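This report refers to the structure that appears directly beneath it.
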2 protein chains.
Amino acid sequence: MLTIVAIAETAALLGEPARAAMFSALMDGRALTAAELAATAGVTPQTASGHLGRLIEAGLLVVEKQGRHRYHRLASPAVARMVESIMQVAGAAPRQARPPRVGPADAALRAARTCYDHLAGRLGVGIADALVARGHVELGADGGAVTPTGEAFLASFGIAARLDGARRGRPFCRPCLDWSERRPHLAGVLGASLCVRCLELGWLRRRPGTRALEITHEGRRGFGERFGVDAG
Amino acid sequence: MLTIVAIAETAALLGEPARAAMFSALMDGRALTAAELAATAGVTPQTASGHLGRLIEAGLLVVEKQGRHRYHRLASPAVARMVESIMQVAGAAPRQARPPRVGPADAALRAARTCYDHLAGRLGVGIADALVARGHVELGADGGAVTPTGEAFLASFGIAARLDGARRGRPFCRPCLDWSERRPHLAGVLGASLCVRCLELGWLRRRPGTRALEITHEGRRGFGERFGVDAG
DNA sequence: CCGATGCTAAGGGCGCGGCCGAAGTGTCAC
DNA sequence: GTGACACTTCGGCCGCGCCCTTAGCATCGG
């Protein structure tokens, strides 16, 4: 099997704390510079450069040149799913009884953040729970689906247009285990559409330099009224 | 982030050719002995023992003692999904224009095999294609769903009983990229149920010592009549 | 033109970990 | 019991690769 070495090489690219930290930082779906990634990984820029070169060579990352900056991001949703699945196994395995201490910096992340292209944190899990509780979405371990009433609800929320490309009932919903809440939130096309729409409505704002999302005043009201989610 | 090291450690466990080969061998969902895994990995038993100990310690594998044999298998479907996602990325990345040579031993594997708990190979992809073409199943990149006509078809095929635990329309279908065909086949509860049912009906038989599946005479007829799949 | 900034390329130290040989424990057969 | 078999543990060799320092290119500002 020649493919065995390809599997091992791919996995080994994630099997190093410095590179794993870079992937974790890139899991918000945005593009970061080599210097930013070096800082989050805790290595010098030239070491980070070597890592990034290998990751680009392997096709896990893509780079976009802008002036003297080079922005790196995950090459595809498939890479994001791979990292997700590894995080899920890594989080489930250890016998860490009590969750690691919650630093003040983590507080914002745990409240609301992006996970590649969709919402995560308490807000993401809360929205998923609300949609399931109201019968708009059904979630299992292996997939998710939007019900007819859910389609109507989503249309009224303004994201029907994005789903027109897919036929009615077409699967576009996927569960994604939240690393801080240890419960699933919504990923896939539906999750991405919800995230974009909330940003569009001004309910959420990206915080520069972090993957945390700020819930605006309108957002607090909107999430409560439309989803029954307490985003306090 | 303390979790970074956990991610790196988990990924590193797969980032070694010997261990990657073991995972690949275990992806058929069955339990193998340490000696068998050592042989497929191309290392001595004592080296394999060390690897297996680490994998068990990390919770990726579970072991079952039977006499003087110790049978190892993947610890959970989550681990299988992780390996799947890595294989998908590893297979998509390289610029291997022509597929690796097809040995005679590989021929049976490419025709029909198990992938953890469901069907793969030409047969697995063929069944997925047939179900999609007939409107019984809808497949996207992020998930799949069974249509009402599909539910009726599956009930007539004798796997409705297994799905009773889940409500009607509940998601239980998931795409899984086939490494030999480079196209999706059916995974998740649906894929597993189809596999079990085909074995039950005597359409397929496991070949001892390999993950290849033998298509019986009844199977050849059955797949053609019920699915419109040429399993020749 | 100059320096500063962002990143890349080469060279050496060094520690982690895979691998094997040899020896030890448990299990089955006779 | 004795031997064979499956597997694990221990000790030591050795090489891969991570990291840093030093040096070399591009790009922007003045």
Side-chain angles (χ1 to χ4, degrees), chain A residues 1 4-26 30-73 208-209, chain B residues 1 4-26 30-58 60-73 90 208-209:
Chain A
M1 299 274 193
I4 293 290
V5 303
I7 295 170
E9 284 170 359
T10 303
L13 290 174
L14 266 149
E16 199 63 26
R19 291 192 291 259
M22 293 177 178
F23 275 103
S24 180
L26 290 170
R30 287 186 300 167
L32 301 177
T33 67
E36 289 171 319
L37 289 169
T40 61
V43 296
T44 62
Q46 49 272 46
T47 298
S49 177
H51 287 311
L52 292 171
R54 293 178 57 179
L55 296 176
I56 293 165
E57 165 75 19
L60 300 190
L61 261 47
V62 290
V63 63
E64 186 180 350
K65 302 182 63 169
Q66 267 186 27
R68 54 181 168 180
H69 295 278
R70 308 191 73 175
Y71 289 93
H72 303 77
R73 60 180 173 80
Chain B
M1 298 275 191
I4 294 291
V5 302
I7 296 171
E9 283 170 1
T10 303
L13 289 174
L14 267 149
E16 199 65 24
R19 290 192 292 260
M22 292 177 178
F23 275 104
S24 180
L26 290 170
R30 287 187 301 168
L32 301 177
T33 67
E36 289 171 319
L37 290 169
T40 61
V43 295
T44 62
Q46 57 268 34
T47 298
S49 177
H51 287 311
L52 292 172
R54 293 179 58 179
L55 296 176
I56 293 165
E57 165 74 19
L60 301 190
L61 260 47
V62 291
V63 64
E64 185 180 350
K65 301 183 60 168
Q66 265 187 27
R68 53 182 168 180
H69 296 278
R70 308 192 73 176
Y71 289 92
H72 303 78
R73 60 180 173 80

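Convention: sequence-line order gives letters A, B, ...; per-chain numbering from 1. Just so you know, these numbers use all the heavy atoms, side chains as well, and skip hydrogens, waters and symmetry mates. These numbers come from a predicted model, not from an experiment.
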Among Leu61(B), Val62(B), Leu32(B), which residue satisfies the side-chain contact (heavy atoms from CB on, under 4.5 Å) criterion with Arg73(B)? Val62(B)
Nearest-angstrom distance from the residue atom OH of Tyr71(B) to C1' of dA6(D): 11 Å
Please tell me if the side chains of His51(A) and Thr47(A) come closer than 4.5 Å, counting only heavy atoms from C-beta onward. yes
Short side-chain to backbone donor-acceptor contact, Arg19(A) and Ala8(B), under 3.5 Å: no
Calculate, to the nearest 0.5 Å, the distance between atoms CD and CG belonging to Glu57(A) and Leu13(A) respectively. 10.0 Å
In the structure I gave you, are the side-chain heavy atoms of Phe23(A) and Ile7(B) within less than 4.5 Å of one another anywhere? no
Let's see if you get this right: which residues in residues 15-22 of chain A place a heavy atom under 4.0 Å from DNA chain C? none
Compare every heavy atom of Ala18(B) with every heavy atom of Val43(B), then report the nearest pair and how far apart it is. CG1-CB, 4.2 Å
Test item: Thr10(A) side-chain N/O and Ala6(A) main-chain N/O as donor-acceptor pair under 3.5 Å: yes
How long is the line joining CG of Leu37(B) and C1' of dC7(D), in whole Å? 13 Å
Heavy atom of residues 47-55 of chain A under 4.0 Å from DNA chain D: which residues? Thr47(A), His51(A), Arg54(A)
Euclidean distance, atom CG of residue Leu61(A) to atom P of dC7(C) [Å, nearest integer]: 14 Å
Among the nucleotides dC19(C), dT8(D), dT21(D), which one has an atom lying closest to any side-chain atom of Thr44(A)? dT21(D)
Less than 4.5 Å apart, any side-chain heavy atom of Tyr71(B) and any of Thr33(B)? yes
For dT27(C), does OP1 or OP2 lie under 4.0 Å from any side-chain N or O of Arg70(B)? no
From NE2 of His69(B) over to C1' of dT8(D), roughly how many Å is that when rounded to an integer? 16 Å
Atom-to-atom span, CD of Glu64(A) to C1' of dG6(C) - whole angstrom: 16 Å
Whole-Å gap separating C1' (dG17(D)) and CD (Glu9(A)): 13 Å
Approximate separation, where rounding is to 0.5 Å, of Leu37(B) CG and Ser49(B) OG: 11.0 Å
What's the shortest heavy-atom distance between Leu26(B) and His72(B), and which atoms? CD2-O, 3.3 Å
Each nucleotide in nucleotides 22-30 of chain D should get exactly one letter: B, S or -. Can you fill that in based on protein heavy atoms under 4.0 Å? B----BS--
What's the spacing between Leu52(A) CG and Leu60(A) CG if we round to 0.5 Å? 11.5 Å
